[in-house]
Amino acid sequence: MRYVSTRGTAPALGFEDVLLTGLARDGGLYVPESWPSFGPEEIRALAGLTYAEAAVRVMRPFVGEALDEADLRAIVEAAYAGFAHAAVAPLKQLDARVWLMELFHGPTLAFKDFALQVVGRLFDHVLKKRGQRVTIVGATSGDTGSAAIEACRGRKRIEIFILYPEGRVSEVQRRQMTTVTDKNVHNIAVQGTFDDCQDLVKAMFNDTAFRDEISMSAVNSINWARVMVQVAYYFVAGAALGAPDRKIAFSVPSGNFGNVFAGYGAMKMGLPVAKLIVGTNRNDILTRYFETGVMTMAEVHPTHSPSMDIQVSSNFERLLFELYGRDGAALAAAMSSFRETGKLDPGKARWDAARADFDAARFDDAGTLAEVARLYRETGELIDPHSAIGVAAARAKLDGIGDTRVPVVALGTAHPAKFPDATEKATGVRPDLPARLGDLMTRKERMSVLSNDLAQVQDFVRRHAPATENA
Ligand SMILES: *Cc1c(COP(=O)(O)O)cnc(C)c1O
C-alpha cells in the first residue's frame, strides 16, 4: 500500500514512512492511494471475532508488507489487553434504534486510546527495526495529549512534547498529562486556544530544517495510522448489528474530523453505511458546511465538550481531497485561499456529494447538558458531554436516514468521569473515577507555561530534545 498527499506534490510513501512522517512535506495529509475493499463475506466473517482479531483484519491491507501479520497481531493484542472491558468496544442499546458504542474503556478514558495504544507500539516496532529515534510534537484539546503520553511514556526511542491550551482542558485531562513522571514526556501549557496549539505544531512541521534537526514526528489525528486503526470499530459495530445485510448509520461527536473520517473510510471500503452524522458543539464550522455548502472560519469558544472546541478540523482536508476528485493541485490552491480569506466554497456539486454521505447537527452547552440529563432520566446511563452530542445528533437526524430499519450507532468518545463537572451539573450525580486511575487527583503535576510564540516553543523543544542519533 502506498500513500499520497492531499496536496499532490509530496512524494508517495509506504506505510512505515507515513507512520513516522505525520504531515506531508507539501503541508498535506497522507491518504491511501486507493481504498482497499472488503466484500460481503469478509464483513460477515468479522462478527463474533475478538476485537483485536477483527481489528487486525481491517488494518492488514493498510499496513501491507511493512509488518508481518504475526507482528501486527502481537501489537494489536497488547494494545487492547489493557482495556477495562472484555469486549473492548461494547455496544449498548439506548432505545429502539439508537446504540451507544463505548469507546472509553482504555487507559485514559477516551476513544483516542484505541488508535494511540496501537500507534505507540507501531512506532516502537518501526524505530527499533530502523535504529532511529523521533521527537513527537503534538497539540491537544485534552484527550489526544493524555492518550499520546500514555502510549509513549518510557519508550526509549521517543521524546514527546504535548502542547495544550492553558486553562482550557478539564482537570482530569490535565492531570492525566502533567502527573506522568517519565523523562521523555514534556507538557507545554500554551497561553492560547487549541487552534493556536495546532498552528504552532503545523508551523514547526513546515520549518523543514527544524523538523529534520529534531527528527520530528506526529501522533495527532493528522497521522494516517490513527485514522486507520479507528476504521476497525466501525466494521466491528457494523458486523455486530447485521452488516453487510443491513445498513448502519453512525453519529460521531466531532472536532478534528478524524474519528468520523475513519467511518467514511469504512464506507469507502465496502461497509454499508447509510449515513455519517457529524455532531458538533457551538464551534460548528463542520455543521455549517453541511448546512450551507460554505466553510467560514470563526472564533473558538470554550464549551462543556472541550475536545471538540476546534474550528479548523485538520482531517476535513482528507474528505475535501475526495470531494475534489483527488486533485491535489486544486485542493492545495483551495486550502491556501481558505487560509488567507477564512472562507472556502467548494461549490454545489461537491456539497451535494458530501451531503449524500453526511448529515450534521449542533448542540450548545444547554442542549448538551439537556441530553445528558434526558438519557440519565430515561435509561439510567450516565454519559459525558461529548458522547451526549453524538447521541443527541443521532436522535435529531433519525428521520433523515429514511429507512427505519437502519440502526444508528452513536460513538461514546469519553468516560463521564473524565468530565465530571458537566455530567454532575446535568444530573446531580458525580461520576466516580474508575479505581484503576488511583490517586490521579492528588499526584504532583509538572508542566511548562509558554506564550503563543513559535520561536519560544521551538527553542524549548530544541533544548529538551536529546540529540538525535539517527545514522
Ligand atoms: C478527540 C475527541 C473528539 C473529537 O474527535 P475528532 O476525531 O477530533 O473529530 C470527541 N470526543 C472526545 C471525547 C474526544 O477526545
Side-chain angles (χ1 to χ4, degrees), residues 29 100-116 119 138-150 162 164-165 168-170 172-174 176-177 194-195 197-198 218-231 233-234 250-265 276-281 283-287 289 300 303-319 358 360 362-363 368 372 383-393 410-420 422-423 431:
L29 279 68
L100 180 70
M101 180 160 50
E102 295 183 348
L103 299 175
F104 48 71
H105 295 288
T108 70
L109 310 182
F111 84 95
K112 295 190 172 72
D113 289 324
F114 270 81
L116 286 162
V119 168
T140 187
S141 53
D143 292 334
T144 294
S146 50
I149 286 170
E150 190 60 39
I162 295 294
Y164 68 87
R168 294 195 186 216
V169 300
S170 84
V172 174
Q173 287 179 315
R174 190 189 70 238
Q176 283 180 325
M177 300 189 277
F194 169 67
D195 283 301
C197 296
Q198 189 155 264
V219 292
N220 266 70
S221 59
I222 52 172
N223 189 306
W224 166 257
R226 279 185 57 183
V227 176
M228 167 194 86
V229 180
Q230 292 170 176
V231 172
Y233 48 71
Y234 288 89
F250 292 92
S251 178
V252 188
S254 297
N256 247 330
F257 206 72
N259 199 359
V260 71
F261 186 78
Y264 178 82
L276 293 162
I277 300 163
V278 176
T280 60
N281 60 29
N283 299 298
D284 61 347
I285 188 170
L286 292 169
T287 300
Y289 173 68
V300 183
T303 71
H304 285 318
S305 44
S307 301
M308 296 156 62
D309 289 348
I310 293 167
Q311 278 293 346
V312 181
S313 306
S314 38
N315 272 287
F316 197 72
E317 181 165 340
R318 290 192 158 111
L319 178 65
F358 291 90
R362 99 176 50 71
F363 297 89
T368 304
V372 174
I383 62 172
D384 99 289
H386 304 79
S387 308
I389 288 175
V391 175
L411 272 52
T413 50
H415 192 288
K418 201 155 189 182
F419 302 94
T423 305

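Since this is a predicted model, take the numbers as computed values, not measurements. Residues take their numbers from the sequence shown, with the count starting at 1. Whatever order the structure lists them in is the order used to number ligands and atoms, beginning at 1.
Close N/O approach between D384 and ligand 1 is not found [any backbone or side-chain N/O within under 3.5 Å]. Remark: ligand 1 and K112 share an N or O pair separated by less than 3.5 Å (distance only, no angle test). The shortest N or O to N or O distance between A414 and ligand 1 is not below 3.5 Å.
Within ligand 1, counting atoms from 1 as listed, the ones closer than 4.0 Å to a heavy atom of M308 are 10 (C). Short contacts between ligand 1 and D143, defined as distances under 4.0 Å to a heavy atom of the residue, involve ligand atoms 12 (C), 13 (C), 14 (C), 15 (O). Within ligand 1, counting atoms from 1 as listed, the ones closer than 4.0 Å to a heavy atom of H386 are 11 (N), 12 (C), 13 (C). Short contacts between ligand 1 and P253, defined as distances under 4.0 Å to a heavy atom of the residue, involve ligand atoms 4 (C), 10 (C). Under a 4.0 Å criterion applied to the non-hydrogen atoms of G258, ligand 1 contributes the atoms 6 (P), 7 (O), 9 (O).
Taking every heavy atom of both residues into account, P253 and H386 meet most closely at CB-O, 3.2 Å. Nearest heavy-atom pair across T144 and T140 is N-OG1, 3.3 Å. Annotation for A414 and D384: closest pair O-OD1, 3.2 Å, computed over non-hydrogen atoms. The shortest heavy-atom contact between P107 and D113 is N-OD2, 3.2 Å. Among all heavy-atom pairs drawn from I162 and A148, the shortest one is CD1-CB, 4.3 Å. Across S141 and I310, no two heavy atoms sit closer than the pair OG-CD1, 4.5 Å.
Between Y264 and F358, the ring planes are parallel. Angles under 30° get that label, and only those over 60° would be called perpendicular. Aromatic ring pairs are classed by plane angle as parallel below 30°, tilted from 30° to 60° and perpendicular above 60°; the pair Y234 and F250 is perpendicular.
Nearest non-hydrogen protein atom to atom 6 (P) of ligand 1 is N256 N, 3.5 Å. At the top of the distance list for atom 7 (O) of ligand 1, counting protein heavy atoms only, stands N259 N, 2.8 Å. For atom 12 (C) of ligand 1, the closest non-hydrogen atom on the protein side is T413 OG1, 3.4 Å. With hydrogens left out, the protein atom closest to atom 9 (O) of ligand 1 is G255 N, 2.8 Å, a heavy atom.
For the residue pair K112/S307, the side-chain donor-acceptor check at 3.5 Å is not satisfied. When only modelled atom types and interatomic distance are considered, N256 and N315 share no side-chain donor-acceptor pair under 3.5 Å.
Contacts of F257 with ligand 1, taken as heavy-atom pairs under 4.0 Å, involve the backbone alone. In K418, neither the side chain nor the backbone holds a heavy atom less than 4.0 Å from any atom of ligand 1.
Ligand 1 has at least one atom lying under 4.0 Å from a heavy atom of F111.
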